[in-house]
Amino acid sequence: MSLLGSIVSKILNPFGSSEAKAAPADKPASTEAQPSSGGDAPASTATGGGTSGGPVDVEAVLNDMAAKNGQKLNWRTSIVDLMKLLDLDSSLHARQQLADELHYSGDKNDSASMNVWLHKQVIKKLEENGGKVPADLKD
């Protein structure tokens, strides 16, 4: 599984369900293509894992994971901390691989700029794949 696929899967399916798969980086997923199951019904929250058909509350899932983690990780702004929270390799090499998956065109040796870009793209991909992302995390 790709790094992006692992990130999306661990957040949108925290209980191991294989429903969510990351949309290819070169083809954005259409959120309008997924029919709503209840019209004006409220979206499911917390760690529903996507089983109810509603969007998964990304913030709730990650806050829950952070609360259970012994380290103080700033997943809201740091791609390194987000990857650590998900128990993924957060090394420079792994982040460069993620940058390749997401078609980063900048200098991959400028890790600060790349990290900011990666975090924004991962949050965007979570939303494209059915995650409910808070407004303050959107670009």
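Numbering of residues begins at 1 and proceeds along the displayed sequence.
The minimum heavy-atom distance linking Leu12 with Asn129 is given by the pair CD1-O, 3.3 Å. Closest of all the heavy-atom pairs between Tyr104 and Ser113 is OH-C, 4.0 Å. Heavy-atom minimum distance, Arg95 versus Ile79: CD-CG2, 4.0 Å.
In terms of modelled atom types and a separation under 3.5 Å, the side chain of Gln121 and the main chain of Leu102 share no donor-acceptor contact. Looking at Asn69, its side chain never comes within 3.5 Å of a backbone N or O of Met65 through a donor-acceptor pair. When atom types are taken as modelled, the side chain of Glu127 and the backbone of Val133 share no donor-acceptor pair closer than 3.5 angstrom. Remark: side-chain polar atoms of His119 are not paired, donor with acceptor, to backbone N or O of Val80 under 3.5 angstrom.
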Dump the intermediate steps for salt bridge (charged side-chain N to carboxylate O under 4.0 Å, His left out) on Lys132 and Glu59, then the final yes or no. CA-CA 8 Å; Lys132 179 183 160 211; Glu59 182 177 34; over 6 Å; no
Between Asp136 and Arg76, does the salt bridge (charged side-chain N to carboxylate O under 4.0 Å, His left out) criterion hold? Intermediate values first, please. CA-CA 9 Å; Asp136 66 317; Arg76 298 182 75 84; 2.5 Å; yes
Given the rule in the side-chain contact (heavy atoms from CB on, under 4.5 Å) test, do Ile11 and Val56 qualify, once you have shown the distances and angles that lead to the verdict? CA-CA 8 Å; Ile11 296 171; Val56 175; 5.5 Å; no
Start with the C-alpha gap between Gln97 and Asp89, add the side-chain angles, then the distance that decides, and say whether side-chain contact (heavy atoms from CB on, under 4.5 Å) holds. CA-CA 11 Å; Gln97 284 182 299; Asp89 180 6; 5.8 Å; no
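Residue Leu92 is grouped with residue Leu98 when hydrophobic side chains (ILVMFWY) are merged at heavy-atom distances under 4.5 angstrom, including chains of intermediate members.
Between Asn109 and Gln96 the shortest side-chain heavy-atom distance falls below 4.5 Å.
Using a 4.0 Å cut-off between charged side-chain N and carboxylate O, Glu128 and Lys125 make a salt bridge.
Residue Lys108 holds its NZ atom at 10.5 Å from CH2 of Trp117, rounded to the nearest 0.5 Å. The CG atom of Leu82 sits 7.5 Å away from atom CG of Leu126, with the distance rounded to the nearest 0.5 Å.
The local environment of NZ in Lys138 is crowded, with over 12 non-hydrogen atoms from other residues, nucleotides or ligands closer than 6.0 Å.
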